Amino acid sequence: MTLTTSFYNWGTPSDVGDGENVRRNSTLICVPIMAKTVDKMLVEVRKAKQEGADMVELRLDYLNSINPCDLQVLLEHSCLSTLVTIRPTWEGGDYKGDEGVRQSALRKAMELGADYIDVELKVADEFFESIDGRENTKTAIIVSSHNYINTPSVEEIGDLVARIQATGADIVKIATTAIDIVDNSRILQLLTYSQIPMIGIVMGEKGLMSRILSAKYGGFLTFATLEDRGSISAPGQPTTKDLLELYNFRQVGADTKVHGVLGNPISHSKSPHLYNVAFKSVGFNGIYLPLLVDSVSDFLRTYSSPDFVGYSYTIPHKMAGLECCDEVDPIAKAIGAISCMIKRPFDGKLIGYNIDYMGAIAAIEEGLLQGTSNGSSTKGSPFDGKLMVVIGAGGAGKALAYGGKSKGARIVITDSIIEKAVDLASKVGGKVINIAELDDFAPEEGMILANATPIGMQPDIDNMPISKKALKHYSLVFDAIYTPKITKLLREAQKSGATIVYGTEMFINQAFIQFEKFTGLPGEYQEINRFLLELQRNL
Ligand code: NAP
């Protein structure tokens, strides 16, 4: 299944604004208000306005009681456009009262000038009969259907859309539940082709992309919560602030390129913060999403459209990502894992890279060049011919060992589990030493040391993986750890006269390289630097 972007634009003109703040969609941000009293509801409406929402959904089913006076107060004092909903328990809401009373309250909301009301599909025909001839109302009627179990097939949802349209609805609303991230594609596809305004939402953590990409595919509105997350009417709703500031929601348009990080779990990832800030800073028309993926191959097969262009890979998908590539960078292949995948524009082929190794090697190369007397390279890489000792044969150790080897270093590996060191050394063509031999290992002077263990990482900050006295044999010491930035190992290495290279450099370099691969734009690193400095301050 491929997705194409909407040809149909419902609201205000897109591409309004200038520079980086160009508005590329007319999708509205709607905050559900679910307080128990009218006063509290009005406070929340004001908050929603301050936070940048376009409209509110007054969920009257959460009020202690509903009466015409309260409704009038709410509609008269709301500073945002209003959608009035009284969701009954039989459709997942909180209203347990009489159906006739409920429908008459909805008619009253129309009379009082609500901008929109929501009527459930199950009672839509009955409701439309009761308002026979509604020429005098300015209220648009949303007819809705909610599925809290799953997301049906595209044919079934298509039938549902047709049934809703047949009721006379002004706006179609379909909300389903994501079992898998691929479920979003069916709703997004229907948004694209809908002939009348449509709200298409997939609920649950795996449905987040539907809420954000509704702007790309022409959704009429998306729901978001207040910053304090007081009112969440369905699982998976982002905050208005996240939509506007983290995902640059107003700038998402039909031609926006989609990127993301594939992982499981993924909600902790800082990558969306980093890349969305960086994209915005250079005016790049792209978005970067957290993608909670179960099967990499299913994800890539489903989102095969040319607009889905670049991904980062994190635990546990780095190896599965490699298997889905059409072409893989030779060192990534040797390491057995990718951290970045790009869809090549001219043929759509998926190309995999291991940026972790590129970032680490670039950082150490810079350190080695600074360590030379004039700071300039002789011929080839400054690694060439050096002896590089790597402590730790895990993910970072592999990246460092393969990277150093590819630049001409001779590699020695040690690990607390000797079998791991032996395995990596045999693959990379290096030697092994037992961890107990490390402190006395000094076959030559001026060696490179790379720590790829967590020894020294918070909270273990008073430890280091090698003795102080052994450090004198090394001219450069790199620590992959970046929390804290200055580890005990680096402090002691500096005292013994070695050039030191921080783990943050590896982190920053891999972010720079990945940013360049995503955007094709070189150089604009200020925002990435600023973001990473901020991140370090908060760690
Ligand atoms: P990993 O896959 O768990 O690998 C760590 C390896 O070090 C394991 O094989 C571990 O053995 C071994 N080890 C632990 N203590 C040791 C000791 N005292 N002596 C020798 N070997 C020891 O972890 P990783 O993903 O490679 O990460 C390692 C460190 O690099 C972490 O601090 C991580 O935060 C950092 N890192 C930084 C970046 C960056 O961008 N700067 C990127 C990736 C990783 P066991 O299996 O027995 O524990």
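Order of appearance sets the numbers: ligands from 1, and atoms from 1 within every ligand. What you see is a predicted model; the values in this text were computed from it and never measured.
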Checklist outcome for this item: Near G395 (heavy-atom distance under 4.0 Å), the atoms of ligand 1 are 2 (O), 26 (O)
Checklist outcome for this item: Taking only non-hydrogen atoms of I417 and a 4.0 Å limit, the atoms of ligand 1 in range are 46 (O), 47 (O)
Next on the checklist: Below a 4.0 angstrom heavy-atom separation, can you tell me which part of P465, side chain or backbone, both or neither, approaches ligand 1?
Outcome noted: neither
Checklist outcome for this item: ligand 1 atoms nearer than 4.0 angstrom to some heavy atom of I481 are 32 (O)
Next on the checklist: Considering non-hydrogen atoms of the protein only, which is the closest contact for atom 42 (C) of ligand 1, and what is the distance?
Outcome noted: M506 CE, 3.4 Å
Checklist entry - With backbone taken as N, CA, C and O and side chain as the heavy atoms from C-beta onward, which portion of A360 lies under 4.0 Å from ligand 1: side chain, backbone, both, or neither? => result neither
Item to check | Ring centre gap for F284 and F518 strictly below 6.0 Å | outcome: no
Checklist entry - S305 and D307: side-chain donor and acceptor closer than 3.5 Å? => result no
Next on the checklist: Students often mix this up, so state it plainly: with edges at 30° and 60°, are the rings of F299 and Y311 parallel, tilted or perpendicular?
Outcome noted: perpendicular
Checklist entry - Counting only non-hydrogen atoms of the protein, does one fall under 4.0 Å from atom 48 (O) of ligand 1? => result no
Checklist entry - Side chain of N354, backbone of Y357: donor and acceptor closer than 3.5 Å? => result yes
Checklist outcome for this item: Logged contact type for I455 with ligand 1, heavy-atom cut-off 4.0 Å, is side chain
Item to check | ligand 1 versus T453: contacting region, heavy-atom distance under 4.0 Å | outcome: both
Checklist entry - Hey, are the side chains of D415 and I435 touching, using non-hydrogen atoms and a 4.5 Å cut-off? => result no
Checklist outcome for this item: Near A396 (heavy-atom distance under 4.0 Å), the atoms of ligand 1 are 24 (P), 26 (O), 30 (O), 44 (C)
Item to check | For M457, atoms of ligand 1 separated by under 4.0 Å from a heavy atom | outcome: 32 (O), 34 (O)
Next on the checklist: In the complex you have, is atom 3 (O) of ligand 1 within reach of the protein, judged by whether a heavy-atom distance drops under 4.0 Å?
Outcome noted: no
Next on the checklist: Considering A421, G503, S416, G456 one by one, which has a heavy atom nearer to atom 13 (N) of ligand 1 than any of the others?
Outcome noted: S416
Checklist entry - In terms of atom number and element, which parts of ligand 1 are under 4.0 angstrom from non-hydrogen atoms of P454? => result 14 (C), 32 (O)
Next on the checklist: Going by side chain to side chain donor-acceptor pair (under 3.5 Å), name the pairs with one or both residues in residues 423-436, residues two or more places apart or in two chains.
Outcome noted: D423-K427
Checklist entry - What do you think, any protein heavy atom under 4.0 angstrom from atom 23 (O) of ligand 1? => result no
Checklist entry - Considering only protein heavy atoms, which is closest to atom 36 (N) of ligand 1, and at what distance to one decimal place? => result A480 O, 3.8 Å
Checklist outcome for this item: Tested for side-chain hydrogen bond (donor to acceptor under 3.5 Å, both in side chains) against T151, the lone hit among T177, T176, N184 is T176
Next on the checklist: Do E227 and T240 pair up side chain to side chain, a donor and an acceptor below 3.5 Å, judged on atom types alone?
Outcome noted: no
Item to check | Side chain to side chain, R301 and V182, heavy atoms closer than 4.5 Å | outcome: no
Item to check | Part of Y482 within contact of ligand 1 (heavy atoms, under 4.0 Å) | outcome: side chain
Checklist entry - Name the one of D479, V477, V412, L387 that satisfies side chain to side chain contact (heavy atoms under 4.5 Å, CB included) with L449? => result V477
Checklist entry - Can you check whether K420 has an N/O within less than 3.5 Å of an N/O in ligand 1? => result yes
Checklist entry - Any N/O of I435 closer than 3.5 Å to an N/O of ligand 1? => result no
Checklist entry - Looking only at heavy atoms of I391, does any of them come nearer than 4.0 Å to an atom of ligand 1? => result yes
Item to check | Polar contact flag for D415 and ligand 1 (N/O pairs, less than 3.5 Å) | outcome: yes
Item to check | For atom 1 (P) of ligand 1, the protein heavy atom that lies nearest, with its residue and separation | outcome: G394 CA, 4.0 Å
Checklist outcome for this item: Of all protein heavy atoms, the one nearest atom 5 (C) of ligand 1 is A452 O, 3.5 Å
Checklist entry - Below 6.0 angstrom between ring centroids: does that apply to H473 and F441? => result no
Checklist entry - Quick one: do the Q514 and S312 side chains pair a donor with an acceptor below 3.5 Å? => result yes
Checklist entry - Does any pair with a residue in residues 400-412 pass side chain to side chain donor-acceptor pair (under 3.5 Å), and if so which ones, sequence neighbours excluded? => result R410-E444
Checklist entry - Quick one: is the NZ or CZ of K257 closer than 6.0 Å to the six-membered ring centre of F308, and within 45° of its axis? => result no
